[in-house]
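The chains referred to below are lettered A, B, ... by the order of the sequence lines, with proteins before strands, and numbering in each begins at 1.
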Amino acid sequence: MGGCSRNESDRAFNCPHHIQAGCTGMEDSNSLIQIRKGKIKEIREMNIDPFPYRYDVTDHSRAIIDGYDSYFESQKTVSVAGRIMAMRVMGKASFCTIQDRDGRIQLYVAENAVGQEKYALFKKLDLGDIIGTKGTVKKSKTGEITVFVSEMDLLTKNIRPLPVVKEKDGETFDLFSDKELRYRNRHVDLIVTPGVKETFIKRIKIIKSIKEILNGKDFLEVETPVLQPVYGGAAAQPFTSHHNALDITLYLRISLEPYLKRLIVGGLDRVYEIGKCFRNEGLDRTHNPEFTMLELYQAYGDYNDMMAITEEIFEKTALAVNGTTKAVFDGKEIDLKTPWKRIKVADALKEYAGLDVMNMSDQDLDAAVDRAGGAIKGGFNRGLAIDKLFELLVEEKLVQPTFVTHQPVETTPLCKPDRDDDRFLQRFELFICGTEFANAYSESNDPEFQRKTLFEQSLRREVDDEAPPMDENFVQAIEVGMPPTGGLGIGIDRMVMLLTGESSIRDVLLFPTMRPE
RNA sequence: GAGUCGGUAGCUCAGUCGGUAGAGCAACGGCCUUUUAAGCCGUGGGUCCUGGGUUCGACCCCCAGCCGACUCACCA
């Protein structure tokens, strides 16, 4: 590559100006890209447009391979198009493998079939070029299903070489394995890394399945603001932006809750949104600064209804995309078959940590938190201590799907206390493999209680930078009267991880957040 | 934020005791009408992450930094 470093060529790629002006620097003159640009010129000199406008595609690789017998018997002319992934070029007859929407198929290109001129063009082509071909389907001498090409056209010339990944009997060679490069160049990753496209198609199917389930229950899919003057609905630091014309600060939402509840007040009764939320926190295997949440709200329902919907969403979606309720996550075999275990936080602490928190003094709780290596923001608080103990001692032990209910009231201001014991909430969190997948409430709708708890939360901002500010307009909405409502949030990215077996959130996000190069 | 590992050709990697680098594929040239991880033969290709230091001499040893992966911590 003649001293043309990766940075140099990336610059050429990223800057259209640079490309138009041509890379005239000495260091670029021998690069692979320069050689391919030269080929474009040669192809144009053959009076062939290296970037034609359209192509009629009639067939795709998988259908041809799956339906080989009928394609072979009919000898119908197929028209396939795709990217060249492998070439075995010989004097007057060659093989190449193209990759289309569905997979790969081998082509046989012979000079006496396509003509001298097109064969000369074919010999100039590179891995990564996109071609369209017409031909008939037969097996080659070694038995591979092959399109015997009678017409071939270049559809798009590649000038930036792709990593060459090879595969034989399921074994891969020279995998494009640098994760950073894969995430930064997902377009390349999608082309060359086996399974990546399938993972993201599965993600799309998961979301489609969820929407079908909810639409079937008369839930309305709505869109609410991403840019908000006051954020809330969760405990997290927001991203901050600024609107120039209004000269105001706007925050990127940290949850969908406040606006969806306004819609319940407004009488839409069953609403949901699947959308991006943004939290200004660290990145790791299960956290990306922007992530996708499902939140739904059902008027006249409560957290029991939410448990039923949660079970249905997970079980039916697993069956829809995987054909089974079994999944392997984090190396553990999970079964999403319903019904799932239900347990109160206090009972879970007793069962999994041997702590009888209901009968422990404040001092004992505080000491237990200390012993578990935890700390409570803003000093000791009985409810937060119990919550912290659960987080530190129990969460990781909940492997099979488990609804954990009756969190302490101090953990959220937006949920109704339990009728029988107002120290705990009508709330559940769903844990699978020690990770939280869903969170649901019997939503708070007592306006005086709501005003009080949100105000108290806003006061915590002095000790907890994740406590959101008071949202007066939201409280006024609750004052208008929100019917009894069940609310549910599901982390879509984590659900996709579970159902695809991916262990990093970055592998289920097409474009995970990266530090700029 | 801490620890571990890593950064060498377009890609995947090797590099011995410190003597300024190799392989496969890709690329380029030649041969070739049934190849298939790569048909055969040949050729070119390097800011060894960056900056210091030690040394006659550093991909290699030392220091600092940058970037990444993984693990842990943090994370309603």
Side-chain angles (χ1 to χ4, degrees), chain A residues 1-10 27 30-36 38-39 85-97 104 106-113 119 123 126-128 138-144 146 148 160-184 188 192 233-237 254-255 257 279-287 289 373-375 377 384 387-388 390-392 407-408 410-415 425 427 429 435-436 439 441 457 464 466-468 489 491 503-504 506 514-517:
Chain A
M1 163 124 197
C4 179
S5 71
R6 193 167 84 219
N7 285 341
E8 182 63 34
S9 46
D10 281 353
E27 73 282 0
N30 294 323
S31 76
L32 301 179
I33 289 174
Q34 284 306 311
I35 290 164
R36 295 197 181 186
K39 286 187 180 179
M85 300 306 289
M87 290 184 95
R88 294 173 286 279
V89 178
M90 290 167 290
K92 292 196 168 73
S94 303
F95 289 89
C96 72
T97 301
R104 294 186 178 192
Q106 176 168 271
L107 309 179
Y108 177 74
V109 182
E111 188 183 72
N112 61 3
Y119 195 73
K123 290 217 263 190
D126 295 298
L127 299 184
K138 287 178 213 143
K139 283 185 179 171
S140 72
K141 196 180 269 181
T142 52
E144 179 161 349
T146 302
F148 283 69
R160 178 170 294 273
L162 294 168
V164 180
V165 178
K166 288 167 187 147
E167 212 174 341
K168 189 190 187 184
D169 304 329
E171 192 182 354
T172 51
F173 301 83
D174 298 338
L175 207 61
F176 183 41
S177 61
D178 185 323
K179 288 202 171 193
E180 185 193 359
L181 286 178
R182 287 181 52 210
Y183 298 143
R184 288 189 193 281
V188 172
V192 305
Q237 292 193 65
I254 60 171
S255 84
E257 179 159 358
R279 296 187 185 175
N280 213 333
E281 298 168 346
L283 298 75
D284 69 16
R285 208 166 55 78
T286 57
H287 294 82
K377 284 179 183 172
L384 294 182
D387 188 54
K388 182 61 79 176
F390 174 83
E391 180 191 325
L392 294 172
Q407 284 72 9
E410 292 89 341
T411 57
T412 173
L414 294 163
C415 181
L425 296 165
R427 172 185 181 187
E429 293 175 289
T435 302
E436 184 188 343
N439 184 21
Y441 308 153
Q457 178 184 250
D464 182 355
E466 293 186 340
S503 56
S504 170
R506 293 181 146 195
M514 304 285 289
R515 186 189 299 274
E517 280 184 279

Please state the [atom1] separation for the pair [N] and [M] - nearest whole angstrom.
N: B:rC67; M: B:rG44; atom1: C1'; result: 31 Å
N: B:rA14; M: B:rG7; atom1: C1'; result: 15 Å
N: B:rC28; M: B:rU20; atom1: P; result: 32 Å
N: B:rC61; M: B:rU16; atom1: C1'; result: 16 Å
N: B:rG10; M: B:rU55; atom1: P; result: 34 Å
N: B:rU8; M: B:rU47; atom1: P; result: 12 Å
N: B:rC11; M: B:rU54; atom1: P; result: 34 Å

Pair assignment for [N], Watson-Crick or G-U wobble, requiring both distances under 3.5 Å:
N: B:rC56; value: B:rG19
N: B:rU43; value: B:rA27
N: B:rU35; value: none

Residues two or more places apart in sequence or in another chain: which of them pass side chain to side chain contact (heavy atoms under 4.5 Å, CB included) with [X]?
X: A:Glu436; result: A:Glu429, A:Phe431, A:Asn439, A:Arg494
X: A:Met90; result: A:Phe95
X: A:Lys92; result: A:Glu111
X: A:Thr172; result: A:Glu167, A:Leu175, A:Pro194

query: When only distance counts, do a donor and an acceptor, one from the side chain of A:Tyr108 and one from the base of B:rU35, lie under 3.5 Å apart?
result: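 No such pair is found, so the answer is no.
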task: Classify the side chain of A:Glu144 versus the base of B:rU34 as yes if they form a donor-acceptor pair under 3.5 Å and no if they do not.
output: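 No such pair is found, so the answer is no.
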Closest to side chain of [X], choosing from [options]:
X: A:Phe176; options: B:rU12, B:rC67, B:rA69; answer: B:rU12
X: A:Val164; options: B:rU33, B:rA26, B:rU34; answer: B:rA26
X: A:Arg506; options: B:rC11, B:rU34, B:rA69; answer: B:rA69

message: Is A:Ser177 close enough to B:rC13 that one of its side-chain N or O atoms is under 4.0 Å from OP1 or OP2 there?
response: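 Answer yes for this pair, as a side-chain N or O of A:Ser177 is under 4.0 Å from OP1 or OP2.
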query: Does A:Lys39 make a side-chain N or O approach to OP1 or OP2 of B:rC28 shorter than 4.0 Å?
result: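 Answer yes for this pair, as a side-chain N or O of A:Lys39 is under 4.0 Å from OP1 or OP2.
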What pairs of nitrogen or oxygen atoms, one from the protein and one from nucleotides 37-40 of chain B, lie under 3.5 Å apart?
| from | atom 1 | to | atom 2 | distance (Å) |
| --- | --- | --- | --- | --- |
| B:rA38 | OP2 | A:Arg88 | NH1 | 3.2 |
| B:rG39 | O6 | A:Val89 | O | 3.1 |

Just the rounded figure in Å: distance from [atom2] of [N] to [atom1] of [X].
X: A:Leu32; N: B:rC11; atom1: CG; atom2: C1'; answer: 11 Å
X: A:Lys123; N: B:rA27; atom1: NZ; atom2: C1'; answer: 17 Å
X: A:Met85; N: B:rA26; atom1: CE; atom2: P; answer: 13 Å
X: A:Leu127; N: B:rU12; atom1: CG; atom2: C1'; answer: 15 Å
X: A:Gln34; N: B:rG10; atom1: CD; atom2: P; answer: 15 Å
X: A:Asp178; N: B:rC11; atom1: CG; atom2: P; answer: 9 Å

message: Donor-acceptor check, side chain of A:Tyr119 to backbone of A:Ala93, threshold 3.5 angstrom: yes or no?
response: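 Yes, because the side chain of A:Tyr119 sits within donor-acceptor range (under 3.5 Å) of the backbone of A:Ala93.
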statement: Expected string for nucleotides 71-76 of chain B under the B/S/- scheme (protein heavy atoms, under 4.0 Å, primed atoms plus P, OP1, OP2 as sugar-phosphate) is S-BBBB
task: For A:Leu162, answer base if it contacts any base atom (sugar-phosphate contacts may also be present), sugar-phosphate if it contacts only those atoms, and nothing otherwise; contact means non-hydrogen atoms under 4.0 Å.
output: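 Result for A:Leu162 = nothing.
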query: Taking atom types as modelled and ignoring hydrogens, do the side chains of A:Ser140 and A:Tyr108 form a donor-acceptor contact shorter than 3.5 angstrom?
result: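 Short answer, no.
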task: Scan side-chain atoms only and decide if A:Ser255 and A:Arg279 contain a donor-acceptor pair under the 3.5 Å cut-off.
output: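 Side-chain D/A pair, A:Ser255 to A:Arg279: absent.
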